[in-house]
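Report on one structure; see the data block that follows.
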Amino acid sequence: MSDLWIEVDLDAIKYNYRQITSGLSEGCRLMAVVKADAYGLGAVEIARSLQEEGCTAFAVTTISEALLLRAQQISGQILVLGPSSPEDWPVAVKENIELTMSQLDWIPVLDKLAAACGVKAKVQLKIETGMGRTGFTGEQLQELAALLAAASQLEVTGAYTHFARGAQQDREYTRTQHDRFIEALDMLATSGIHIPQKHVCNSAAFLDHPEYHYDLVRVGTLIIGHYPSPAFAGRLQLKDPWLAKARVVYVQKVPKGTFVGYQSRYKTKSDTTLAVIPIGYADGFGVEPKLVPQNIVDLMKIIIKNTAALFGIQLGKETLQLKGKSVSVAGKIGMQLTVLDTGQISCQPGDEIVVPLRRTQANPRITRMYIKNGAKYKVRVINENFLPYNAERRGDKGT
Ligand SMILES: *Cc1c(COP(=O)(O)O)cnc(C)c1O
């Protein structure tokens, strides 16, 4: 049994799915975005649970992520959102995986590869409207239409764009992006390109713009129980499926004035107990995403926080929980070990500590323990599933 694991509550995932789909507009389906290993929760388990709830559309970033889902009996629509390379297209096409096309010269290449495979390749067109990342621009549409008209082995199943400022609730920018998208579709329609599925919304736009729901909404963040920004909190009632835990592996009673850790950054202020837990920055603990100030108040907060850190004072850090009480980190977080000052709380090896660990930063090596129908049903190391596609795994039926 591991001394470090993450509990992922699949019942909470199903609950969130029902909450989100109850807010869908008429005729609109939810496409579950399970990229980056379902934001760290485990793509296969999350997709399976959603499929059990009736979800029939999934999206990931890469072809290897898509092939993994197929190999694990995810049978619905699977869309690859990111750019991909032609060498991986034949296997994707054979597995009925939809590819995003966002570059003109890919169209004839995929058409030829699909012909060689003897199947039609399903593609979705990505339209660039203001994200500045990938997609066809307005000037390319005429040529795109001509290339598609000549590509007999391609089946266009949809077209989409991605909003840059949904989470900031910049309605004007979002509207501009939306209007450009609709204009692009009108232009393609004039050139005889029919688009069955139109979709533009991520989690933020799903909540803020029901008028943009169209045929699909691409939702990830809400499914895993997060909100796109604090401003959205409470807009839907969601459950948090994620709990990272570590067991205390070493305990030491120390006198006041004991130095702890690298650079002796910490010195105990009284006689106390130090507890060691087997998690560190290599596991993603204490690793913060780069802070980008949204306004002047934010900027001040970041400056104060970083200045304090320079003097060894950690402001606004999340605390760990031991027996329901807060304990804090003593000194610098190590690569795989962290010391806690438990103060007056009695502590023994084997005690459980609840650790604040960011989902997308959590190392895939950490064991995930899934909870289903109220029971802990399975423990395994998830990174087997996170490796690039490998045909041998097709034998692995999972549960
Ligand atoms: C990640 C992603 C989504 C999902 O975004 P959330 O805000 O997590 O719901 C939707 N569309 C695209 C293209 C994405 O890359």
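First listed ligand is number 1; within each ligand, the first listed atom is number 1.
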Contact with ligand 1 for F206, non-hydrogen, under 4.0 angstrom: no
Any idea which of G166, A167, S203, P228 brings a heavy atom closest to atom 9 (O) of ligand 1?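 Nearest heavy atom to atom 9 (O) of ligand 1 lies in S203.
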Nearest non-hydrogen atom to atom 1 (C) of ligand 1 belongs to which of K35, R133, R218? K35
Note: E45-K372 ion pair, threshold 4.0 Å (strictly below): no
Between K35 and E65 (salt bridge meaning N to carboxylate O under 4.0 Å), is one present in this structure?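 No, K35 and E65 are not salt-bridged.
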Grouping I, L, V, M, F, W and Y whenever their side-chain heavy atoms are under 4.5 Å apart, do L147 and V123 come out in a common cluster?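 Cluster IDs for L147 and V123 match.
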Polar contacts were defined as any N/O atom of the residue lying under 3.5 Å from an N/O atom of the ligand; does this apply to G220 and ligand 1?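 N/O-N/O distance under 3.5 Å: yes.
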Looking at [atom], what's its closest protein heavy atom, distance included?
atom                    : result
atom 7 (O) of ligand 1  : T221 OG1, 3.4 Å
atom 5 (O) of ligand 1  : N202 CB, 3.5 Å
atom 12 (C) of ligand 1 : H162 CE1, 3.3 Å

Please give me the minimum heavy-atom distance between T129 and R180, naming the atom from each residue. O-NH1, 2.7 Å
Atom of Y212, atom of T174 and distance for their closest heavy-atom approach: CE1-CG2, 4.2 Å
Between Y160 and H199, is the gap from one ring center to the other below 6.0 Å?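 Here the rings of H199 and Y160 have centres that are less than 6.0 Å from each other.
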Between V33 and ligand 1, find which residue part has any heavy-atom pair under 4.0 Å and reply side chain, backbone, both or neither.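 Side chain only; the backbone of V33 stays clear of ligand 1.
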Could you tell me whether K332 sits above the aromatic face of Y262, with NZ or CZ closer than 6.0 angstrom to the six-membered ring centre and within 45 degrees of the axis?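 Cation-pi check for K332 and Y262: fails.
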Atom indices of ligand 1 within 4.0 angstrom of Y39 heavy atoms, with elements: 1 (C), 4 (C), 5 (O), 6 (P), 8 (O)
Suppose I only count heavy atoms of V219 and a 4.0 Å limit; which atoms of ligand 1 are within that range? 9 (O)
